[in-house]
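What follows is a single structure, written as structure tokens, with notes after it.
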Amino acid sequence: MASTLPVPIEFRLPDGWRPAPPEEIGAPEAAFVALHPQPDAGFTANITVDGEFRPGAALSELADESVQRLQGVADSVVVVSRREVGSEAAPALTQRLTFSAVVGGARRGLVQSQVYLALLDAEDPSKRAVIRAYLTATAAQHDAVLADFQEFIRTVRPDAGAAS
């Protein structure tokens, strides 16, 4: 069963991307997955969203944990870049990873761009949820779909309608 997010969010998918049930594509820990319409060499680029309450953890600590988890299922995991972005009121972190994994019976060179968005409780900033969104694509296709992922990230926000 797909996980739920610690806070409701809203977003808009880029043109052509389609939602997929996380548990049906082997990502039961995800709250949401979207698939690109054109696979590359048998691998379908995807945008995945998950999240958790982690009030005391630095975003860099969560990014380190993601690297460690990926090292458990993939080879040659390399942190290509990591950068803190956002503001004190809306902190965020981005990182790009490269790795090798067997997918569909073939070893593939993959790239994952991750964005960690901290959502602070307006009344109690010590209450913080972190939403992680990440794009996974083949090394050959990554740069071609990165703009779609960036467009997606720009639309992610707390779902104000869910509180009413």
Side-chain angles (χ1 to χ4, degrees), residues 1-6 9-52 54 57-86 90-119 129-157:
M1 182 174 149
S3 69
T4 58
L5 293 172
I9 62 170
E10 60 183 11
F11 52 81
R12 193 179 77 254
L13 284 177
D15 289 342
W17 290 75
R18 66 187 191 289
E23 59 281 353
E24 289 181 19
I25 61 164
E29 72 289 346
F32 179 82
V33 176
L35 302 175
H36 189 265
Q38 297 177 328
D40 177 56
F43 182 83
T44 302
N46 60 83
I47 295 172
T48 304
V49 178
D50 61 25
E52 60 186 317
R54 291 294 296 273
L59 294 178
S60 60
E61 182 181 332
L62 299 176
D64 288 340
E65 291 172 8
S66 288
V67 171
Q68 291 171 352
R69 278 192 305 275
L70 192 55
Q71 288 171 332
V73 298
D75 297 320
S76 307
V77 178
V78 175
V79 179
V80 176
S81 65
R82 180 181 288 178
R83 194 167 61 118
E84 291 193 27
V85 295
L93 181 141
T94 65
Q95 75 176 1
R96 182 176 296 187
L97 310 173
T98 59
F99 58 98
S100 172
V102 175
V103 181
R107 181 158 300 280
R108 303 185 191 286
L110 300 173
V111 179
Q112 191 171 86
S113 290
Q114 302 177 340
V115 176
Y116 296 80
L117 304 169
L119 302 176
V130 176
I131 303 298
R132 180 174 70 130
Y134 50 102
L135 166 70
T136 307
T138 63
Q141 189 180 33
H142 182 268
D143 289 349
V145 295
L146 182 59
D148 283 354
F149 180 62
Q150 292 167 332
E151 175 187 327
F152 170 80
I153 291 297
R154 282 191 290 275
T155 70
V156 175
R157 59 188 34 86

Review item, side-chain donor-acceptor pairs of residues 141-150, under 3.5 Å, at least two apart:
unit_1, atom_1, unit_2, atom_2, d
Q141, NE2, Q38, O, 3.0
H142, NE2, S113, OG, 2.8
D148, OD2, W17, NE1, 2.8

Name each donor-acceptor pair under 3.5 Å that joins a side chain in residues 76-84 to protein atoms two or more places apart or in another chain, with its distance.
unit_1, atom_1, unit_2, atom_2, d
R82, NE, Q95, OE1, 2.9
R82, NH1, D64, OD1, 2.8
R82, NH2, D64, OD1, 2.9
R82, NH2, Q95, OE1, 2.8

Beyond-backbone contact of [X] with [Y], side-chain heavy atoms, under 4.5 angstrom:
X    : Y    : value
D50  : Y134 : yes
I25  : L35  : yes
E151 : R12  : yes

Check your understanding: Between the side chains of Y116 and S66, does any donor sit under 3.5 Å from an acceptor?
Key -> yes
**Study point:** V49 vs I9, side chain to side chain contact (heavy atoms under 4.5 Å, CB included): CA-CA, chis, key distance, verdict
**Key:** CA-CA 10 Å; V49 178; I9 62 170; 4.1 Å; yes
Distance check, rounded to the nearest 0.5 Å: [X] atom [atom1] versus [Y] atom [atom2]?
X    : Y    : atom1 : atom2 : result
L70  : E65  : CG    : CD    : 13.5 Å
Q112 : L110 : CD    : CG    : 8.5 Å
I131 : L5   : CD1   : CG    : 4.5 Å
I153 : Q114 : CD1   : CD    : 11.0 Å
T138 : D40  : OG1   : CG    : 3.5 Å
E61  : L93  : CD    : CG    : 12.0 Å

So, for [X] and [Y], which heavy atoms are closest and what is the spacing to 0.1 Å?
X    : Y    : answer
F99  : A74  : CD1-CB, 3.6 Å
A137 : F43  : CA-CE2, 3.9 Å
V33  : A27  : CG2-CB, 4.3 Å
P6   : V130 : CG-O, 4.3 Å

Point to revise | Stepwise side chain to side chain contact (heavy atoms under 4.5 Å, CB included) check, T48 with T136 | key: CA-CA 8 Å; T48 304; T136 307; 5.6 Å; no
Exercise for review: Decide yes or no on side chain to side chain contact (heavy atoms under 4.5 Å, CB included) for R69 and E29, but give the supporting numbers first.
Suggested key: CA-CA 12 Å; R69 278 192 305 275; E29 72 289 346; over 6 Å; no
Review point. Going through the distances and angles, do L62 and R54 end up as a side chain to side chain contact (heavy atoms under 4.5 Å, CB included)?
Key: CA-CA 9 Å; L62 299 176; R54 291 294 296 273; 3.2 Å; yes
Review point. Any donor-acceptor pair under 3.5 Å linking the side chain of R108 with the backbone of A41?
Key: yes
Review point. R157 side chain to T155 main-chain N or O, any donor-acceptor pair under 3.5 Å?
Key: yes
